[in-house]
Amino acid sequence: RNLIRDLGAVERLADLLCSSHLQCQVCAAGALMNILGPEISNHTHSKHRKAFSKLVSQCLTLGIIYSTVFHGSSSPSGPQVV
């Protein structure tokens, strides 16, 4: 984990949270949780780790909203007309 973090992966994964591809956003959120989560706390149900999970979820939500508003859709198949 330290090597991944030291090579700048965290910043790149954070950038992917605002990607126009939903799958990239979700994978980036999961990767951030796996890389940084254990450093925050070894216990998955700790107060700090739950707060970090909530923060990543909120960033993911904002990224999806951003890509929907500015790119037309967060789905890889493009906007759908209902």
Side-chain angles (χ1 to χ4, degrees):
R1 277 188 218 120
N2 291 335
L3 179 62
I4 293 170
R5 189 190 63 222
D6 292 343
L7 292 174
V10 172
E11 292 83 4
R12 290 180 178 99
L13 288 167
D15 288 341
L16 284 174
L17 291 176
C18 291
S19 167
S20 60
H21 298 283
L22 181 61
Q23 188 64 35
C24 288
Q25 293 169 319
V26 172
C27 290
L32 285 169
M33 294 295 301
N34 289 333
I35 294 168
L36 297 176
E39 293 183 24
I40 293 170
S41 173
N42 290 330
H43 304 289
T44 57
H45 300 294
S46 75
K47 181 179 178 180
H48 292 105
R49 191 130 171 211
K50 283 183 180 181
F52 178 67
S53 294
K54 195 174 203 177
L55 178 64
V56 171
S57 295
Q58 290 171 346
C59 289
L60 178 61
T61 302
L62 286 173
I64 291 169
I65 292 169
Y66 177 87
S67 65
T68 301
V69 170
F70 293 105
H71 299 281
S73 175
S74 62
S75 98
S77 61
Q80 298 193 3
V81 178
V82 178

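Note that these values count all heavy atoms, side chains included, but never hydrogens, waters or copies made by symmetry.
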Taken to the nearest 0.5 Å, the spacing of Leu55 CG from Leu60 CG works out to 11.5 Å

Output for pair (Leu17 CG, Cys27 SG), nearest 0.5 Å, gives 11.0 Å

Value for SG (Cys59) from CD1 (Ile64), rounded to nearest 0.5 Å, stands at 11.5 Å

Residue pairs passing the salt bridge (Lys or Arg N to Asp or Glu O under 4.0 Å) test with at least one member in residues 11-31, sequence neighbours excluded, are none

Ser41 meets the side-chain hydrogen bond (donor to acceptor under 3.5 Å, both in side chains) criterion, sequence neighbours left out, with Ser46

The remaining residues in the hydrophobic cluster of Leu3, counting side-chain heavy-atom contacts under 4.5 Å among Ile, Leu, Val, Met, Phe, Trp and Tyr, are Leu7

Salt bridge (Lys or Arg N to Asp or Glu O under 4.0 Å) pairs touching residues 28-50, sequence neighbours excluded, are Arg5-Glu39

Applied to residues 56-66, the side-chain hydrogen bond (donor to acceptor under 3.5 Å, both in side chains) test, sequence neighbours excluded, yields none

Val56 and Leu36, any side-chain heavy atoms less than 4.5 Å apart: no

Besides Leu62, the hydrophobic cluster formed by Ile, Leu, Val, Met, Phe, Trp and Tyr side chains linked at under 4.5 Å, directly or via other members, contains none

Shortest non-hydrogen pair, Leu13 vs Ala28, comes out as O-CB, 3.4 Å

Heavy-atom nearest pair, Ile35 first then Pro38, reads O-CD, 4.1 Å

